[in-house]
2 protein chains.
Amino acid sequence: MTDLALQLDGDGPLYEQIRRAIALKITSRQWRPGDRIPFESELCTTLQTSRMTVNKALQSLADDGLIVRRRKAGSFVATQQSVQAPLTIAKIEDEVAADGKTYGYELVSCKALKAPGKLTSAHIFPRGLDVVHIQCRHLADGVPVLFEDRYINLKAVPAAADEPFNETPPGSWLLEHVPWTEAEHAIYAVSADPRLAEHLHIAVAEACLRIERRTWADDETVTFVHLTYPGNRRTLVGRFQPGQRG
Amino acid sequence: MTDLALQLDGDGPLYEQIRRAIALKITSRQWRPGDRIPFESELCTTLQTSRMTVNKALQSLADDGLIVRRRKAGSFVATQQSVQAPLTIAKIEDEVAADGKTYGYELVSCKALKAPGKLTSAHIFPRGLDVVHIQCRHLADGVPVLFEDRYINLKAVPAAADEPFNETPPGSWLLEHVPWTEAEHAIYAVSADPRLAEHLHIAVAEACLRIERRTWADDETVTFVHLTYPGNRRTLVGRFQPGQRG
DNA sequence: CAGTGGTCTAGACCACTGC
DNA sequence: CAGTGGTCTAGACCACTGT
């Protein structure tokens, strides 16, 4: 609802120029949260472009949460201004290899049991479900870099009962044997208890970063895992550039 | 390079069906890392659709890292299988409000100085730069939920020198006054030192989650901030569904 | 019920890159 | 230099939703 003199810089694809120009309006607060931005049709005539091109720019702004789009009403600058950051969680084997180090794997324990109460009461697994509980650690040049504590749903993955997991990390094994359809993550800090400290070769009570991942296949939780990293490890999150592609 | 009998499920937009069908081939390992997937032109004839629709599906798979695309060569299943997760960092005010609690802000300290050595040697700020150093905390219903430790580049934002920051949180103030173009984050765990423990009302040495954010405007770092959350706080990361939109 | 965005088409030209 | 993906166009129909 202000002047819509979008300035394209002529650099790169047209839809990125449009995205950049609009993102600039928003980050510079010329278009403020809640403001309606021009309709696709208006931008088409203003910028002398086709609607698909304008649409591609607006879609990507919507994907990144900078704008909100509503049929019949129009597109609006998002009221909840937030920053998105793409968090990429690579397989630890790849990560260690990318560091130029030698990957190592050690199984700590592996046994079949009923799903424990803390997981059933959190509605992660149904009560009485048979699961495998695996604890293991991952090393880079012999130094522990990750402690893994994982439960695998035996109803969904019966083959896991016959796998010893003493050579193959459970993550890799699962990737090979189970098609997953969805994953959900939580990330938080924990203090190392004595056992964790010993496994990771760190001091007791040292702060560690923990990623919790729940993986589904269809509507069933296939596996639930804690990945605990020593606290000195920084997990880098990707850059976010509102002016660039999403 | 396998059979390309893609099964569309007829549910939702065509490009999502195509994306889902290809994602299933990949997660089920029928198409394995490194395999070439059908060309856009092949998919067009196989699926009887236009190229733009196929392209939209493949683009979104590439955005999420499931496939890699190379001109003249084709599209390939990514060799580095990793999981993407969109990490959304909302303004703390909004987050507290969304929780149905009352937001509170308290300035701890605010003073102008030269950029400290730890930031200049990390090439975050140039040596001798004038900055404002702000420490403050954010409360939900009177309970501390975030401690903020921020530096603002006075060369890029001279107006920050005249702002007392005793009413307005620096994050909000900056959003209002500075157009930013890029942000980079790192996330890691820290142990609460006595001062932090006091500010957050937690025990000394308790594990805390810290988000480090560096924000640019053009090619200059505008602000650098540590956001430290009590460790019991879980930061939820978005879901990732390879079969769904990116 | 009218107008917006969501999707789709059947073309097109071009840049890049393996061969 | 030929073939792939990257981009763009000028249309079209439809679903949803404010009014």
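Every chain is numbered from 1, with letters handed out A, B, ... down the list of sequences. All values below come from the heavy atoms of this structure, side chains included, with hydrogens, waters and symmetry mates left out.
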(message) Only Watson-Crick and G-U wobble pairs with both distances less than 3.5 Å should count. Give DNA chain C in dot-bracket notation, marking inter-strand partners with |.
(response) ||||||||||||||||||.
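Rounded to a whole Å, the CD atom of Glu16(A) is 12 Å from the P atom of dG6(D). Across the protein-nucleic acid pair, Arg36(A) atom CZ and dG18(D) atom C1' stand 13 Å apart, rounded to whole Å. Across the protein-nucleic acid pair, Arg19(A) atom CZ and dT7(D) atom P stand 13 Å apart, rounded to whole Å. Atom NZ of Lys56(A) is separated from atom P of dC8(D) by 7 Å (rounded to the nearest Å). Distance Glu40(A) CD to dA10(D) P: 16 Å, rounded to the nearest Å. Whole-Å rounding puts the Lys72(B) NZ to dG6(D) P distance at 15 Å. The distance between atom CG of Leu43(A) and atom C1' of dA10(D), rounded to the nearest whole Å, is 17 Å. In this entry the distance linking CD1 of Ile67(B) with P of dT4(D) reads 15 Å, nearest Å.
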Return the polar atom pairs (N/O with N/O) between nucleotides 13-15 of chain D and the protein under 3.5 Å, or none.
from: dA15(D); atom 1: N3; to: Arg71(A); atom 2: NE; distance (Å): 3.3

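When the nucleotides dG5(C), dC8(D), dC8(C) are ranked by their closest atom to the side chain of Arg69(A), dG5(C) comes out on top. The side chain of Leu14(A) approaches dC8(D) more closely than any other nucleotide in the set dG18(D), dG11(D), dC8(D). The side chain of Pro13(B) lies closest to dC8(C) when the candidates are dC8(C), dT7(D), dT9(D). The side chain of Phe39(A) approaches dG5(C) more closely than any other nucleotide in the set dA2(C), dG5(C), dT9(D).
OP1 or OP2 of dT7(D) has not a single side-chain nitrogen or oxygen of Thr53(A) nearer than 4.0 Å. Contact between the side-chain N/O atoms of Gln48(A) and the OP1/OP2 oxygens of dT9(D) is not found at any separation under 4.0 Å. Note on Thr49(B): every side-chain N or O is 4.0 Å or more away from OP1 and OP2 of dC8(C). Between Ser50(A) and the phosphate of dG11(D), there is no side-chain N or O to OP1/OP2 separation shorter than 4.0 Å. Residue Tyr15(A) places at least one side-chain N or O closer than 4.0 Å to OP1 or OP2 of dT7(D). Contact annotation: Gln59(A) side-chain N/O to dT7(C) OP1/OP2 distance is under 4.0 Å.
Lys56(B) is linked by a side-chain contact (heavy atoms from CB on, under 4.5 Å) to Tyr15(B), counting only residues two or more places apart in sequence or in another chain. Applying the side-chain hydrogen bond (donor to acceptor under 3.5 Å, both in side chains) rule to Thr228(B) yields the partners Arg210(B); only residues at least two apart in sequence or on another chain are considered. Qualifying side-chain contact (heavy atoms from CB on, under 4.5 Å) partners for Lys101(A), counting only residues two or more places apart in sequence or in other chains: Val96(A), Asp99(A), Ala140(A), Asp141(A). Listed by chain and residue number, Phe39(B) satisfy the side-chain contact (heavy atoms from CB on, under 4.5 Å) test with Ser41(B) (two or more places apart in sequence, or in another chain). For Arg32(B), the side-chain contact (heavy atoms from CB on, under 4.5 Å) partners at least two apart in sequence or on another chain are Glu176(A), Arg29(B), Asp35(B).
In the model, Ser82(B) has no side-chain atom that pairs as donor or acceptor with a side-chain atom of Gln80(B) under 3.5 Å. The closest side-chain donor-acceptor pair between Tyr105(B) and Glu93(B), if any, does not fall under 3.5 angstrom.
The distance between the ring centers of His123(B) and Phe125(B) does not fall below 6.0 angstrom.
A salt bridge (Lys or Arg N to Asp or Glu O under 4.0 Å) check over residues 72-86 of chain B, counting only residues at least two apart or in different chains, returns nothing. Applying the salt bridge (Lys or Arg N to Asp or Glu O under 4.0 Å) test to every pair with at least one member in residues 46-55 of chain B, sequence neighbours left out, gives these pairs: Glu40(B)-Arg51(B).
For the pair Asn55(B) and Met52(A), nearest-nucleotide mapping onto DNA chain D gives the more 5' position to Asn55(B).
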